Amino acid sequence: MKNQEIAKIFYEIANYLEMEGVAFKPYAYQKAALTLEGLEKDVEEIYKEGGREALLKIPGIGESMAEKIEEYLKTGKIKYYEELKKKTPVNIEELMAVEGMGPKKAKVLYQKLGIRNLKDLEKAAKSHKIASLFGFGEKTEKNILEGINFLKRSKGRFLLGEILPTVKEVYQKLKSLKEVEKIDPAGSVRRMKETIGDVDFLVISKNPGKVMDFFVRFPGIIKIWGKGSTKSSVRMREGFDMDIRVVPARSYGSALQYFTGSKEHNIATRKIAMDRNLKLSEYGLFRGPKMIAGKTEEEVYKALGMQWIPPEMRENQGEIEAALSGKLPQIIGYKDIKGDLHCHSQWDGGTNTIMEMVKAAQNMGYEYIGISDHTKFLRIEHGLDEKKLSQQRKEIDKLNTKYKILNTKFKILQGCEANILNDGSIDIRDEALKKLDYVIAGVHSNFKMPKEKMTERIINVMKNPDIDIISHPTGRILKRRDEYQIDFDKILRVAEETGTILEINSFPERLDLNAENIRRAKEAGVKMVINTDSHHKDQLRFIEFGIAQARRGWAEKEDIINTQPLEKLLKLLNNYASRAFSRSSNF
DNA sequence: GCCGTTTTCGGCCCGACTGTTTTCAGTCG
Ligand SMILES: Nc1nc2c(ncn2[C@H]2C[C@H](O)[C@@H](COP(=O)(O)OP(=O)(O)OP(=O)(O)O)O2)c(=O)[nH]1
Ligand SMILES: [Mg+2]
Ligand SMILES: [Mg+2]
Ligand SMILES: [Zn+2]
């Protein structure tokens with residue numbers, strides 16, 4: 001898939017143009033790059049299916065960029081870009097990664113000192129060649145050196161699940177300050193994005209100075225990037241930045257709207273305001289000098305003629321248009337999940353016994369849990385064979401009887417997470433599968449198959465009437481492994497035909513399906529299930545991360561099968577299996 | 001370079017902080 005490559009080139013073009021001082025074009029390229037980056041469908045496929053016309057339908061792509069994409073797909077190069085690069089042979093991305101360095105400074109440094117990369121920059125700063133340049137100075141030079149050092153130590157974006165505990169700690173500490181009237185996490189944390197670049201907090205206070213003084217003295221801060229009366233920014237020991245914004249109570253809603261983002265959502269919302277001869281900023285919504293909204297987010301959106309938009313959806317992916325026409329979907333809520341169908345127990349080397357998992361599930365307020373241990377192909381994971389599965393069945397039956405006697409409604413289901421082998425067969429015999437309440441199948445080996453083969457492999461499994469759910473369908477591991485090559489449109493078609501359910505895996509490094517694919521699945525009429533893949537009872541809590549992605553993917557309650565009570569769930573699983581069977585027997 | 005139920009041309013979000021500058025450009029959110 002060449003989406004990322006082309007996006008990267010467009011970002012670079014934007015940077016080169018910005019260096020030259022060209023107006024507006026850089027933003028056009030950036031916007032197109034961002035869209036390509038987030039596009040789950042392969043541009044090459046879009047082009048093959050619909051030619052240049054289809055490319056033009058992508059928002060932010062016009063004649064000029066469509067032509068460049070076409071050129072890249074055909075020749076592997078974009079002449080315009082190659083020429084820009086030849087003219088200014090600078091690793092601009094690397095230089096701009098240094099805090100405080102942008103295209104304008106990079107240009108001067110290249111022209112005056114021939115600086116082309118980070119190494120050149122460090123050398124020049126160390127030998128004090130920068131301070132004397134026009135527009136630069138001692139402090140700039142020092143900041144550059146410091147910036148380089150922090151950059152070298154930086155670890156990139158953090159997983160939401162990895163950073164959230166720290167966020168909660170800081171939140172509590174800030175909240176305890178008496179000058180803090182109200183505080184909320186904002187930015188990507190409030191939107192529950194799968195990865196977090198930095199942590200943003202919004203505060204109401206009548207005494208911003210005090211709040212800022214307290215904030216920048218926080219334990220664990222290793223660098224203060226900036227400190228003002230309304231806004232400060234710091235680097236934490238753990239390697240991430242924190243931004244804080246302080247506003248008066250009357251602006252809290254508009255400030256929360258601003259600071260929650262996303263940037264693209266903000267710009268689009270501000271354009272709606274402009275269309276109505278209004279101005280929207282973090283301080284409020286204004287008609288001329290008159291403030292007409294700002295205290296709450298609801299008020300701000302309402303004054304713009306919009307429904308309030310859940311933070312997870314604020315990505316400028318159509319939510320603004322939907323909110324304007326009152327057609328936002330009723331997305332799934334954080335309390336709508338009635339049970340978790342992907343849980344591992346001690347049987348396959350997980351941490352907890354079935355009983356311990358059950359108790360944890362009950363604490364979550366669930367009505368059921370599905371135990372889905374690995375199967376025998378995965379020897380390192382102590383995968384269960386047919387015999388073990390039947391022994392496990394006996395234990396689960398016993399526990400269920402106990403619950404019946406105790407007259408609780410709670411039910412334990414027995415599933416398994418079987419392995420999809422290279423040819424799309426399963427490592428457990430059919431007779432054994434039929435004795436389970438449901439079957440999950442997932443790819444756990446041989447991730448690098450060519451697209452056609454991998455797609456065929458998964459499709460074969462979906463046509464198997466005994467298989468109900470495909471776990472982590474694209475196989476990505478955040479920050480570590482890309483999705484495997486699949487034709488997701490084809491997979492969606494077959495999933496719809498066979499009634500196979502696709503998993504939204506809530507494990508922090510998976511979150512697979514992602515939001516964009518969830519939206520595609522919903523549009524294709526494919527049902528999904530939100531699971532945690534817990535290997536420890538405490539991991540049942542991960543469900544909120546999966547729900548957040550589902551919300552960003554516009555999923556409603558009825559798109560997610562485990563929002564249903566047990567009886568309905570069983571019917572859905574069974575229905576789908578028998579439907580799949582009747583269809584596949586007609587082939 | 002892109003885009004359009006007010007536009008096919010004329011706009012393109014709006015504001016804070018810093019360092020360098022004698023009044024603002026650059027960078028960032
Ligand atoms: N209006 C406007 N708002 C912006 C702009 N840049 C950032 N914001 C707002 C929206 C962002 O969600 C919020 C926080 O900025 P961040 O850079 O921290 O982005 P965000 O938290 O969304 O993502 P992150 O995970 O930190 O990369 O500030 C901008 O250029 N214009
Ligand atoms: Mg930078
Ligand atoms: Mg942020
Ligand atoms: Zn699993």
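Remember, it's a predicted structure, so these values are computed and weren't measured experimentally. Lettering of chains follows the sequences in order, A, B, ..., and the numbering in each one begins at 1.
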(message) Of the listed nucleotides (B:dT20, B:dT18, B:dG1), which one gets closest to any side-chain atom of A:Lys227?
(response) B:dT18
[atom1] of [X] versus [atom2] of [N]: gap in Å, rounded?
| X | N | atom1 | atom2 | result |
| --- | --- | --- | --- | --- |
| A:Glu282 | B:dC17 | CD | P | 10 Å |
| A:Asp275 | B:dC14 | CG | P | 11 Å |
| A:Asn277 | B:dC13 | CG | C1' | 15 Å |

Identify whether any heavy atom of [X] sits under 4.0 Å from a base atom; if not, whether one sits that close to sugar-phosphate; answer base, sugar-phosphate or nothing.
| X | answer |
| --- | --- |
| A:Lys139 | sugar-phosphate |
| A:Ser229 | sugar-phosphate |
| A:Lys104 | sugar-phosphate |
| A:Pro26 | nothing |
| A:Lys31 | nothing |
| A:Asp243 | sugar-phosphate |
| A:Ile61 | sugar-phosphate |

(request) Sticking with atom P, work out how far B:dT8 lies from B:dA16, rounded to a whole angstrom. (result) 35 Å
Can you find a side chain N or O atom of [X] that sits less than 4.0 Å from OP1 or OP2 on [N]?
| X | N | result |
| --- | --- | --- |
| A:Ser64 | B:dG1 | yes |
| A:Ser233 | B:dC17 | no |
| A:Asn143 | B:dG19 | yes |

(message) Tell me if a side-chain donor or acceptor on A:Arg287 pairs with a main-chain N or O of A:Asn277 at a distance below 3.5 Å.
(response) no
(request) Please check if the side chain of A:Gln549 supplies one atom and the backbone of A:Met192 the other of a donor-acceptor pair under 3.5 Å. (result) yes
(message) Looking at A:Glu63, I want to see if its CD is surrounded by more than 12 non-hydrogen atoms of other residues, nucleotides or ligands under 6.0 Å.
(response) no
(message) Which nucleotide, if any, forms a Watson-Crick or G-U wobble pair with B:dC28, using both distances under 3.5 Å?
(response) B:dG15
(message) Between B:dC12 and A:Phe24, is there a base-stacking contact, meaning the centre of the base's six-membered ring lies under 5.5 Å from the residue's ring centre while the planes stay under 30° apart?
(response) yes
(request) Please state whether the rings of A:Phe214 and A:Phe218 are parallel, tilted or perpendicular, taking 30° and 60° as the class boundaries. (result) perpendicular
(message) Suppose we call a contact any N or O donor and acceptor under 3.5 Å apart; does that hold for the side chain of A:Tyr258 and the base of B:dG29?
(response) yes
(message) A cation-pi test, strictly: NZ or CZ of A:Lys295 under 6.0 Å from the centre of the six-membered ring of A:Tyr252 and no more than 45 degrees from its axis. Yes or no?
(response) no
